[in-house]
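Have a look at the structure below, then the notes.
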Amino acid sequence: NAGVTQTPKFQVLKTGQSMTLQCAQDMNHEYMSWYRQDPGMGLRLIHYSVGAGITDQGEVPNGYNVSRSTTEDFPLRLLSAAPSQTSVYFCASSWIAGDSYGYTFGSGTRLTVV
Amino acid sequence: GEDVEQSLFLSVREGDSSVINCTYTDSSSTYLYWYKQEPGAGLQLLTYIFSNMDMKQDQRLTVLLNKKDKHLSLRIADTQTGDSAIYFCAESPGAGSYQLTFGKGTKLSVIP
């Protein structure tokens with residue numbers, strides 16, 4: 001049981017390049033989300049998904065696309081990287097059932113756009 | 001929209017108690033969480049509390065919730081150097097919404 005796995009751990013992009021940050025979970029969680037963490041800003045929600053085939057925008061969605069073709073995978077795509085997208089990206093998955101819940105974060109992807 | 005506020009820094013001596021405070025604005029918050037982030041690492045869930053509770057204790061951790069004032073605190077007893085990290089408060093409306101709103105984090109420094 002690996003939990004939430006993010007790849008790559010580090011990435012450097014040139015402005016205008018595109019790339020996909022991978023996120024996979026093996027806990028059969030319905031809900032998955034992507035956050036970005038910037039100094040002094042805390043974590044901000046980019047996109048989320050409540051199940052396969054369903055995605056929605058969070059607080060800061062511009063410049064990012066997501067898809068959810070399977071329960072396990074929730075990739076985040078940067079369409080045309082900009083220096084403002086330099087950040088640490090965290091993927092998370094969760095479920096809530098009655099008074100029990102689970103919320104697990106991946107270890108993060110550190111992205112630098114030059 | 002929802003807002004979660006925390007002080008940015010806290011410094012304590014090893015062995016003392018640490019108290020990290022958080023305020024939130026969303027009166028519909030149902031779940032309130034404390035996460036710990038060590039340097040270069042992801043977020044680790046420390047504990048959580050439901051809005052119908054006033055207090056929750058888990059070993060060295062005590063969470064107090066004042067729902068009237070929308071104030072949440074995390075007390076760490078007998079603080080150790082390994083407790084040095086950034087602590088995030090987060091809230092969620094709960095059932096029907098899995099989204100978390102995070103504070104900016106409190107950096108706890110433990111002085112040996």
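Chain A is the first sequence line, chain B the second, and so forth, proteins listed ahead of strands; every chain is numbered from 1. The analysis underlying the following values was restricted to heavy atoms, covering all of them including side chains, and did not include hydrogens, waters or symmetry mates.
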> B:Phe102 and A:Leu43: which non-hydrogen atoms are nearest, and at how many Å?
Replying inline: CD1-CB, 3.7 Å

> Among the clusters formed by ILVMFWY side chains lying less than 4.5 Å apart, do A:Phe74 and A:Val50 turn up in the same one?
Replying inline: no

> When hydrophobic residues are tied together by side-chain contacts of less than 4.5 Å, even through go-betweens, does B:Ile111 share a cluster with B:Val12?
Replying inline: no

> Can you tell which of A:Glu30, A:Arg110, A:Gln37 has the highest number of heavy-atom pairs within less than 4.5 Å of chain B?
Replying inline: A:Gln37

> For chain A, which residues from residues 14-22 of chain B lie under 4.5 Å away (heavy-atom distances)?
Replying inline: none

> salt bridge (Lys or Arg N to Asp or Glu O under 4.0 Å): which pairs involve residues 38-62 of chain A, sequence neighbours left out?
Replying inline: A:Arg36-A:Asp38, A:Asp38-A:Arg44

> For B:Gln37, is it the side chain, the backbone, both, or neither that has a heavy atom closer than 4.5 Å to a heavy atom of chain A?
Replying inline: side chain

>> Please check if the number of heavy atoms outside B:Lys56 that lie under 6.0 Å from its NZ is greater than 12.
In response: yes

> Do B:Leu108 and B:Phe9 belong together in a cluster built from hydrophobic side chains that touch within less than 4.5 Å?
Replying inline: no

> What do you reckon, is NZ of B:Lys104 surrounded by more than 12 foreign heavy atoms closer than 6.0 Å?
Replying inline: no

> Nearest 0.5 Å, what's the CG-OH distance between B:Leu100 and A:Tyr35?
Replying inline: 4.0 Å

> Are B:Leu43 and A:Tyr48 joined in one hydrophobic group, where the rule is that I, L, V, M, F, W and Y side chains link up if heavy atoms are under 4.5 Å apart?
Replying inline: yes

> Ring centres of B:Tyr48 and A:Tyr103 under 6.0 Å apart?
Replying inline: no

> So if you build clusters from Ile, Leu, Val, Met, Phe, Trp, Tyr with side-chain heavy-atom gaps below 4.5 Å, do A:Tyr31 and A:Val66 land together?
Replying inline: no

